[in-house]
Amino acid sequence: MKKKEAVQRRLQQLRELINNHNYLYHVLDQPEISDGEFDGLMRELVKLEREYPELVTPDSPTRRVGGEPLPAFGTVSHKIPMLGLDNAFEPGDLEEFHRRIRRGTGLEDGAIEYACELKIDGLAVSLQYEEGRLVRGSTRGDGFTGEDITHNIKTIRQLPLSLPEKITVELRGEVYIADRDFAEVNRQRRQAGEAPFANPRNAAAGSVRQLDPRITAARRLKLFLYGLGEHDLALESHLELLEYLDRLKLPVNPNRALCRGIEEVKKYCLRWQEERRRLPYGIDGVVVKVNSLRLQRLLDYTARSPRWAIAFKYAPAEATTRVKGIQVSVGRTGAVTPVAILEPVALSGSTVGRASLHNEDVLAEKGVMIGDRVLIRKAGEIIPEIVGVLREERTGEEKAFTMPASCPSCGTRLHRLPGEVARRCLNPSCPAQLVERLVHFASRRAMAIEGLGPAAAALLWEKGLVEDLGDLYGLTREQLAILPRFKDRSIDNLLGAIAESKQQPLHRLLFGLGIRFVGERASRILAGQFLQLDRVAAAGKEELLAVPEIGPKIAAAVTAYFNNPSSHKLIEKFRRHGVNFTEPRSGRGGLPLEGEVFVFTGGLAGFTREEARRQVEERGGRVSSAVSRKTAYLVAGRDPGSKLKRAEELGLPILNEKEFVELLDG
Ligand code: IVH
């Protein structure tokens with residue numbers, strides 16, 4: 001009896017914990033524990049409930065499918081519930097799934113055909129098309145009722161608002177954010193003193209569930225469709241459905257396969273375990289579905305998931321290491337960020353020696369101390385993050401770290417502004433900030449001044465040669481000659497690069513100024529709209545807000561920047577030195593790849609060739625099948641052919657898939 005009471009208490013505790021973490025994850029998009037930890041709690045609950053079925057309550061999280069709709073959105077009820085998938089973690093689980101399918105269908109191994117596709121790490125959405133027009137988009141919510149996110153879904157550019165056929169159909173798919181866009185969103189959030197998203201899925205969820213669709217649009221969400229809700233389409237198989245969606249020009253993931261029997265399925269799952277690293281977006285597994293829709297109907301659903309499908313899940317790449325120290329760095333906006341210095345450790349393809357702790361709240365939440373052993377992983381496969389501390393390995397020797405009260409660079413007292421998580425140094429002439437601003441101004445995507453990296457920037461400041469960005473243009477050979485490590489050649493090169501940068505178009509100058517919230521995209525938009533720096537500087541809030549994609553935050557930051565007297569001084573310095581203030585009105589209709597010839601070789605993971613061609617052509621470029629001197633770029637995918645060699649011989653720019661995507665994104 002005692003034991004049962006203890007079990008009852010634990011069950012109660014597990015349900016509360018799971019409900020709370022579910023809320024943090026699905027509703028607030030701010031998880032506090034890793035997916036692995038959450039799965040562990042859920043597994044324990046399932047196991048206990050299986051042993052003590054009489055203790056199962058109807059409201060147990062095992063009886064539900066997901067989060068709750070945010071009340072601020074309208075609700076949409078799903079006539080056919082949006083269920084989850086059963087999980088397989090090892091090949092043996094797939095074999096067991098296969099045995100169940102054989103039992104359920106009475107078919108032999110090789111006679112069962114499976115459609116295998118990638119399990120996109122995003123959030124599930126439902127799209128309603130009526131007579132070919134997109135009328136509604138909704139989240140999964142709790143599986144029965146979701147949130148109406150039509151206004152946000154419509155900002156996804158891949159998604160056609162009307163279809164070439166006048167069909168009425170409910171489609172289901174996954175909204176996700178590509179790794180590169182995820183990194184950019186987090187960079188902007190950090191810059192704005194906001195908590196970064198824990199992973200791309202949370203970023204996608206947070207973006208879809210924005211009340212302001214302009215914010216959603218700026219996040220560049222993407223989508224893959226993989227299923228049906230209510231419909232009256234006459235189709236026979238899942239793969240046929242995907243091909244049909246492809247023909248309707250809807251976004252469907254090109255990586256899919258028909259597998260006969262379970263051995264082929266296992267091979268497919270193992271192959272993508274490695275290959276997924278080459279994808280420009282995250283997947284967390286492979287979804288295996290019985291291909292025949294007739295057999296799917298026969299197998300049917302349990303209360304929580306279809307019996308005809310299973311998700312083979314990959315474990316996220318993780319490693320443990322020790323925190324050697326915690327440093328704070330001052331960014332160009334004055335935000336002070338704690339960074340954990342780690343004993344270097346290999347993690348999915350690179351060596352990790354540092355991990356940002358973002359801000360003091362994250363630091364406190366994770367409870368990291370100097371000397372701790374920590375579990376790290378790569379968020380979105382790129383940015384290393386500390387998942388948690390291995391507290392049981394503490395020896396008592398660990399040292400707590402407290403954020404400094406004053407700026408490590410200039411000694412000014414740090415401030416935490418209302419509504420911000422970062423402590424900031426508010427001293428506009430703080431050396432660390434100025435050096436960071438110089439480095440940013442000179443960076444490849446801003447004014448592209450080669451040779452002006454962190455070391456050179458720090459030297460220029462220390463010797464008193466530059467006090468603001470404008471001073472760069474007044475530098476002389478004699479001044480640079482006094483700098484240690486600067487030889488004739490490097491002086492010439494640096495002066496040459498500085499002089500050349502005066503011709504950069506306005507959007508690069510704007511980006512280089514480092515105005516808060518004004519990233520590359522906003523800079524392009526502003527430059528394209530106003531064409532001249534003086535016109536951007538003179539624009540009032542209303543005028544800025546009237547520009548597509550420019551929201552209140554950017555508008556406020558831009559006006560604040562140009563109202564500041566030190567900005568006037570800076571701009572006048574630029575003007576005196578002949579820095580270009582204009583954006584060329586591209587006579588070519590402004591298409592970014594106008595006239596450029598692309599050649600492809602090898603397989604691309606994220607595109608079919610047709611899609612890649614469309615992407616290039618939409619931006620004014622052209623695709624050719626042969627490499628020549630006229631080729632602007634060779635895009636080399638998996639297993640490239642002889643074109644790669646030819647391009648190398650000609651010294652042409654060669655892009656891998658990731659770089660190609662970056663180029664497309666501008
Ligand atoms: S099929 C009846 N296919 O994974 C359930 N789901 O863990 C049909 N997901 O809720 C789901 N990629 O959000 C399916 N290719 C794919 C998927 C996929 C990602 C997500 C989806 C689902 C979750 C289940």
Side-chain angles (χ1 to χ4, degrees), residues 22 25-26 35 38-39 42-43 61-62 64-67 78-89 93 97 114-127 137-144 146-147 149 153 170-178 199-202 204-205 208-209 221-231 237-239 241-243 245-246 250-259 265 268-269 272 276 279 281-291 293 295-297 299-314 316 605-606:
N22 246 334
Y25 182 99
H26 289 287
D35 290 4
F38 183 84
D39 284 347
M42 199 69 180
R43 263 200 300 275
T62 55
R64 297 182 2 124
V65 194
H78 303 303
K79 291 212 186 93
I80 299 181
M82 292 180 77
L83 300 180
L85 287 171
D86 213 1
N87 290 327
F89 295 99
D93 299 338
F97 165 71
Y114 292 105
C116 291
E117 61 196 31
L118 305 184
K119 185 169 186 305
I120 311 301
D121 203 5
L123 86 154
V125 293
S126 154
L127 305 176
S138 53
T139 62
R140 167 171 158 189
D142 65 3
F144 301 95
E147 296 141 330
I149 48 158
I153 280 290
E170 182 199 345
L171 300 172
R172 293 188 175 166
E174 196 85 352
V175 168
Y176 68 98
I177 187 163
N199 54 45
R201 185 186 28 200
N202 289 114
V208 151
R209 300 162 73 251
L221 294 173
K222 296 196 166 70
L223 172 79
F224 283 126
L225 294 175
Y226 53 64
L228 288 168
E230 262 201 319
H231 73 100
S237 74
H238 182 66
L239 288 173
L241 162 70
L242 299 184
E243 276 154 32
L245 298 180
D246 234 351
L250 286 159
V252 181
N253 194 305
N255 303 298
R256 52 187 189 247
L258 177 70
C259 294
V265 169
Y268 186 87
C269 293
W272 277 98
R276 69 180 165 138
L279 293 169
Y281 49 84
I283 64 169
D284 58 345
V286 163
V287 182
V288 181
K289 298 172 182 169
V290 170
N291 192 33
L293 298 187
L295 292 182
Q296 286 188 5
R297 280 191 292 274
L299 289 159
D300 208 5
Y301 293 80
T302 69
R304 297 199 301 139
S305 54
R307 288 202 187 84
W308 42 264
I310 195 158
F312 182 79
K313 298 257 285 227
Y314 299 131

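Just follow the structure's listing: the first ligand is 1, and inside any ligand the first atom is 1. For the numbers below, each heavy atom of this structure counts, side chains included, while hydrogens, waters and symmetry mates do not.
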Less than 3.5 Å apart, N/O on ligand 1 and N/O on the protein: could you list those pairs with the distances?
from, atom 1, to, atom 2, distance (Å)
ligand 1, 3 (N), Glu117, OE2, 3.3
ligand 1, 3 (N), Lys289, NZ, 3.1
ligand 1, 4 (O), Lys119, NZ, 3.2
ligand 1, 7 (O), Lys119, NZ, 3.4
ligand 1, 10 (O), Arg140, NH1, 2.9
ligand 1, 12 (N), Ile120, N, 3.0
ligand 1, 13 (O), Glu174, OE1, 2.5
ligand 1, 13 (O), Glu174, OE2, 3.4
ligand 1, 13 (O), Tyr226, OH, 3.3
ligand 1, 15 (N), Glu117, OE2, 2.8
ligand 1, 15 (N), Leu118, O, 3.0

*Please state whether the rings of Trp272 and Tyr268 are parallel, tilted or perpendicular, taking 30° and 60° as the class boundaries.*
tilted
*asked:* Donor-acceptor check, side chain of Arg307 to backbone of Leu299, threshold 3.5 angstrom: yes or no?
replied: yes
*Could I get the full list of ring pair (Phe, Tyr, Trp, His ring centres under 6.0 Å) partners for Tyr176, not counting sequence neighbours?*
Phe224, Tyr281
*Measure the shortest side-chain to side-chain distance between Leu225 and Leu242 over non-hydrogen atoms and say whether it is less than 4.5 angstrom.*
no
_Close side-chain approach of Val125 to Ile153, heavy-atom, < 4.5 Å_ = yes
*Do Lys313 and Asp121 meet the salt-bridge criterion of a basic N to acidic O distance under 4.0 Å?*
no
